[in-house]
Amino acid sequence: MEWIAIFSRWFHVGTAIVLLGGSVFMRFVLAPAAGALAEEPHQTLREGLLARWKKFVHGGIALLLLTGGYNYYLQILSLREMPAEYRKQYHMLMGIKILIALAMFAVASILVGRSASAARMRQNPRRALGLVVLLGVLIVGISGYLRVKGTSVLKSMAVQPAAAAAKE
């Protein structure tokens with residue numbers, strides 16, 4: 001069953017790379033270049049882009065929720081062996097990460113949606129895309145911290161029993 005965990009992590013990280021990378025590209029490359037177009041070609045480009053990108057956004061959100069939930073479940077199982085202080089910190093940061101991800105999913109969905117109530121946000125897609133990118137960078141930062149900190153805690157746990165046995 002280890003292969004399921006490996007594929008889940010691979011799909012989770014790969015999907016995040018595609019969605020965050022696509023958002024960075026659209027915000028900092030495509031949007032400025034498209035801004036120079038006349039209104040009619042700009043609208044044609046926008047409609048074609050949104051029709052394609054919407055599939056990536058909705059599919060990516062679903063995949064991130066599915067693989068993220070599974071990865072979190074596996075992590076909870078391994079946290080039982082960790083010190084209580086680390087478990088508290090882990091769950092706090094993971095909760096923050098999940099809330100930020102939900103906010104990012106909402107903004108990304110609004111950007112590719114058609115609801116009249118969210119039309120105002122779509123009026124300035126550069127700002128909304130900037131927010132998506134910022135939230136994505138925060139998520140990557142928290143994830144990186146948790147990965148490095150967890151590895152550090154595991155290493156210290158492996159050293160402590162060995163050091164205690166050497167003293168006896």
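Given the structure is predicted, the values throughout are model-derived calculations rather than measurements.
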Exercise for review: Find the distance between CG (Leu50) and CG (Leu45) and round it off to the nearest 0.5 Å.
Suggested key: 9.0 Å
Point to revise | Cluster check Ile61, Ile98: I/L/V/M/F/W/Y, side chain < 4.5 angstrom | key: yes
Practice item. Search all heavy atoms of Ile100 against all heavy atoms of Leu135 and return the closest pair with its distance. Key: CG2-O, 3.6 Å
**Study point:** same_hphob_cluster(Val29, Ile17) at 4.5 Å side-chain heavy-atom cutoff
**Key:** no
Exercise for review: Flag the pair Pro125 / Met26 as yes when at least one side-chain heavy-atom distance between them is below 4.5 Å, and no otherwise.
Suggested key: no
Practice item. Heavy atoms only: give me the nearest Asn71-Ser8 pair and the separation to one decimal. Key: OD1-OG, 2.7 Å
**Study point:** Euclidean distance, Lys97 NZ relative to Tyr145 OH, rounded to 0.5 Å
**Key:** 14.0 Å
Exercise for review: Drop me the distance from Gln43's CD to Leu37's CG, to the nearest 0.5 angstrom.
Suggested key: 11.0 Å
Review point. Run the side chain to side chain contact (heavy atoms under 4.5 Å, CB included) check on Gln75 and Leu146 step by step: do they pass?
Key: CA-CA 11 Å; Gln75 188 65 31; Leu146 289 174; over 6 Å; no
Review point. So, does Thr44 use its side chain to make a donor-acceptor pair with the main chain of Glu40 at under 3.5 Å?
Key: yes
Review point. So which heavy atom on Ala128 is nearest to which on Leu111, and how close?
Key: CB-CD2, 3.5 Å
Check your understanding: Leu79 and Met92: same hydrophobic cluster, using ILVMFWY side-chain contacts below 4.5 Å?
Key -> yes
Review point. Any side-chain heavy atom of Arg127 within less than 4.5 Å of one from Leu131?
Key: no
Revision key, fill the gap. Value for OG1 (Thr15) from CG (Leu63), rounded to nearest 0.5 Å, stands at 3.5 Å
Exercise for review: Establish whether Leu66 and Val18 are linked, either directly or via other cluster members, by ILVMFWY side-chain heavy-atom contacts under 4.5 Å.
Suggested key: no
**Study point:** Rounded distance [0.5 Å steps], CZ in Arg87 versus CE in Met94
**Key:** 15.0 Å
Practice item. Locate the shortest heavy-atom distance separating Ala16 from Leu64; write the atom from each residue and the value. Key: N-CD2, 4.0 Å
Review point. Within a strict 4.5 Å, meaning less than it, do heavy atoms of the Ile76 and His91 side chains meet?
Key: yes
Practice item. Output yes when a side-chain donor or acceptor of Ser143 lies under 3.5 Å from a complementary backbone atom of Ile139, and no otherwise. Key: yes
Check your understanding: Rounded to the nearest 0.5 Å, how far apart are CG of Leu93 and CD of Gln89?
Key -> 5.5 Å
Check your understanding: For Ala5 and Tyr70, which heavy atoms make the closest approach, and how far apart are they?
Key -> CA-CE2, 4.0 Å
Practice item. Please check if atom CZ in Phe7 has more than 12 non-hydrogen atoms from other residues, nucleotides or ligands closer than 6.0 Å. Key: no
Practice item. Flag yes if more than 12 heavy atoms outside Phe56 fall under 6.0 Å of its CZ atom; otherwise flag no. Key: no
Point to revise | Neighbour count above 12 (heavy atom, 6.0 Å) for Tyr73 OH | key: no
Revision key, fill the gap. For Arg27 and Gly130, the nearest pair of non-hydrogen atoms, with its separation, is CD-N, 3.9 Å
**Study point:** Ring geometry between Tyr90 and Tyr72 (parallel below 30°, tilted from 30 to 60°, perpendicular above 60°)
**Key:** parallel
**Study point:** Main-chain N/O of Ala31 paired with Arg126 side-chain donor or acceptor, under 3.5 Å
**Key:** yes
Check your understanding: In the single-linkage hydrophobic clustering (I, L, V, M, F, W, Y; side-chain heavy atoms under 4.5 Å), do Leu129 and Leu20 co-cluster?
Key -> no
